[in-house]
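Here's the structure, in structure tokens; my notes come after.
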Amino acid sequence: MALTHDDIKASLNTKFGEQLASYDESYGMLCATIPAAKNLEVIQFLYNDEKMKFRFLTDLTAIHYPDRTQEELCVVYHLHNLQDNTRLRIKAYVPVAQPDIQSLTPVFKGADWLEREAYDFFGVNFLGHPNLIRIMNVEEMDYFPLRKEYPMEDPSRRDKDDEMFGRGGSQFY
Amino acid sequence: MADTKSHHIALGEDSLTQDTTTINLGPTHPATHGVFQNIMEIDGERVMRTTPTVGYIHRAFEKIAERRPFYQITTLTDRLNYCSSPINNIGWQLAVEKLLGIKTPKRVDYLRVIIMELARITDHLICNSVIGVDTGAFTGFLYVMQFREKVYEIYEEICGSRLTTNIGRFGGFERNFTETAWRKLDEFLKEWPKALDEFDRLMTRNRIFMDRCIGAGPLTAEQALNYSVAGPNLRAAGVDYDVRVASPYSSYEDFKFEIPVGTTGDVYDRYLVRMEEMRQSESLIRQSLEKLKDLDPSIYHADVPEYYLPEKKDVYTKMEALIYHFKIVMGEINIPEGEVYSCVEGANGELGFYIVSDGGRSPYRCHFRRPCFIYYQAYPEIVKGGLFSDAIITLSSMNLIAGELDA
């Protein structure tokens with residue numbers, strides 16, 4: 001029992017070196033930000049290692065941060081060690097101009113549709129995915145709708161401006 | 001990037017000369033019980049290959065959620081698994097409460113347990129009776145359906161709506177449970193176990209039902225874990241993972257209940273697991289009622305005026321309530337920055353909410369981990385090589401809800 005956050009950090013540091021990941025903790029969950037080029041290697045290690053045993057892929061999704069140059073797209077993995085009941089979040093940033101990242105399908109079959117979903121909405125290109133096509137949207141679609149450059153609302157509606165949602169420009173009081 | 005394919009359904013190269021038959025199961029086939037499609041390659045009665053297509057009722061909830069204040073997203077979650085919307089609602093509220101740091105009183109937790117377990121019962125009873133329908137036993141479905149109606153009446157007493165409930169608020173419920181609600185709940189608890197027993201006698205040891213279900217659509221524990229299957233389908237395969245036990249929320253740690261597990265992960269095991277879960281849910285409701293007796297009956301929400309939308313009558317008569325109402329509706333409440341993953345045991349498994357907040361009034365990004373969407377991927381592997389009729393009951397026993405598939 002009890003795989004602590006320090007254990008996970010120590011284990012990753014011994015295997016991949018100190019400079020691999022930066023860690024932070026948010027609401028009790030450890031988050032490791034790793035270089036996108038190493039995602040498969042790290043997750044494979046976390047899966048195979050007898051102490052880590054992160055063998056359940058809870059969730060896989062992406063986030064678009066248009067302001068982060070060269071790392072606009074963030075791929076977020078949630079892994080779960082069911083035996084010790086420890087969860088781990090892994091993030092890897094890729095540039096929107098060339099959003100390439102290794103697919104997790106060799107480790108988790110369940111990553112298949114989740115990656116297709118992330119591709120469909122964000123355009124993350126999962127290398128080695130067996131069937132990377134759109135899943136929710138029509139195949140003719142030529143853009144990735146969940147990226148931030150596509151506003152959802154009618155642009156003439158003032159009540160849906162960013163400032164109404166506590167972001168950007170002048171605050172609404 | 002992958003090539004965008006033509007929107008026509010692509011038949012195989014050899015579709016004219018091949019020995020197998022290609023059939024379309026869905027999108028509006030009576031046996032799919034929802035809008036999704038399977039292109040099946042069958043050889044006589046054997047399923048050689050199946051390609052599921054989803055997305056027919058995709059409503060872009062995650063995009064919409066980026067432009068809705070947190071409290072308005074509750075209504076979007078209704079439409080995920082609409083057979084048990086209160087679990088989605090409360091799951092979302094728990095996720096946001098985690099982000100906001102709201103601690104709910106015990107009474108709220110227990111009331112939520114009652115609602116969530118009622119929802120679990122309605123969801124499972126539909127699933128199990130639909131397995132009956134697909135194996136040719138329509139009667140069971142009609143017997144138990146009236147109890148879903150009774151549960152909906154309880155929801156109606158509590159929140160005013162039936163199917164898409166939008167039940168509760170951040171911090172609790174919008175109003176206390178009425179006398180009528182308690183009476184209806186008592187009636188339900190009196191009548192339901194009898195109906196479940198009757199249903200049990202009708203189905204569980206029925207020779208025809210057993211012959212159809214045992215061995216159909218088996219899923220091993222290894223496969224299930226690798227496909228990230230959760231919920232009753234995972235437990236039927238023999239893995240005792242239940243979020244209510246693994247990471248208790250809403251005071252589930254105060255309750256005594258059992259997690260049924262199966263062995264072979266076939267249709268019959270999935271059916272049995274759901275049957276037992278309905279009994280456990282009923283016991284949870286009874287335990288919850290016991291625990292509520294010692295608690296102040298006037299509490300139905302946490303004391304967090306900055307997040308809890310005040311009662312309408314207070315808004316009209318009290319200054320503070322009016323101010324908070326205005327602040328909440330106009331989005332002047334402080335939402336902390338941060339990232340939260342919170343999950344509940346939905347009727348179909350781990351229902352997760354991943355919220356990325358940048359301090360704005362709506363989430364910067366939110367992602368719903370819909371168990372249905374994830375475990376449906378395993379379907380082609382489960383049915384491959386099996387009988388076509390087994391494929392149909394496998395579909396119903398996995399409890400695929402189109403709303404949850406597509407979000």
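These numbers were taken from a predicted model, which means no experiment stands behind them. Proteins get letters first, then strands, A, B, ... in listed order; numbering begins at 1 in each.
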Spell out, as yes or no, whether a donor-acceptor pair under 3.5 Å connects the side chain of [X] to the backbone of [Y].
X	Y	answer
Asn88(B)	Thr77(B)	yes
Tyr27(A)	Leu99(B)	yes
Thr75(B)	Gln72(B)	yes

Is it the case that the ring center of [Y] lies less than 6.0 angstrom away from the ring center of [X]?
X	Y	answer
His80(A)	Tyr241(B)	yes
Tyr252(B)	Tyr249(B)	yes
Tyr227(B)	Phe108(A)	no

Using heavy-atom distances under 4.5 Å, tell me whether [X] contacts chain A through its side chain, its backbone, both, or neither.
X	result
Gln223(B)	neither
Leu225(B)	both
Val54(B)	both
Glu222(B)	neither
Arg370(B)	side chain
Pro336(B)	side chain
Gln377(B)	both
Ser247(B)	both

Which region of [X], side chain (C-beta onward) or backbone (N, CA, C, O), has a non-hydrogen atom less than 4.5 Å from a non-hydrogen atom of chain B, or is it both or neither?
X	value
Tyr47(A)	side chain
Leu60(A)	backbone
Val107(A)	backbone
Phe121(A)	side chain
Leu82(A)	side chain
His64(A)	backbone

Plane angle bin for [Y] and [X] - parallel if under 30°, tilted between 30 and 60°, otherwise perpendicular:
X	Y	value
Tyr354(B)	Tyr341(B)	tilted
Phe368(B)	Phe61(B)	perpendicular
Phe45(A)	Phe16(A)	perpendicular

Interatomic spacing from [atom1] in [X] to [atom2] in [Y] - rounded to 0.5 Å:
X	Y	atom1	atom2	result
Ser357(B)	Glu339(B)	OG	CD	9.5 Å
Asn39(A)	Phe126(A)	CG	CZ	8.5 Å
Tyr307(B)	Ile328(B)	OH	CD1	9.5 Å
His78(A)	Leu114(A)	NE2	CG	12.0 Å

Query - Per-residue contacts, residues 399-407 of chain B versus chain A, heavy atoms under 4.5 Å - result: Leu405(B), Asp406(B)
Query raised in the report: What residue in Ala246(B), Ala60(B), Gly101(B), Ser342(B) has the most heavy-atom pairs under 4.5 Å with chain A?
Result: Ala246(B)
**Report entry** Pick from Gly352(B), Ala230(B), Cys343(B), Ser362(B) with the largest number of heavy-atom pairs that fall under 4.5 Å of chain A
**Finding:** Ser362(B)
Query raised in the report: Side chains of Arg89(A) and Tyr77(A): closer than 4.5 Å at any heavy-atom pair?
Result: no
Requested in this report: Between chain B and each of His129(A), Arg87(A), Arg55(A), count heavy-atom pairs under 4.5 Å; write down the option with the most.
Outcome: Arg87(A)
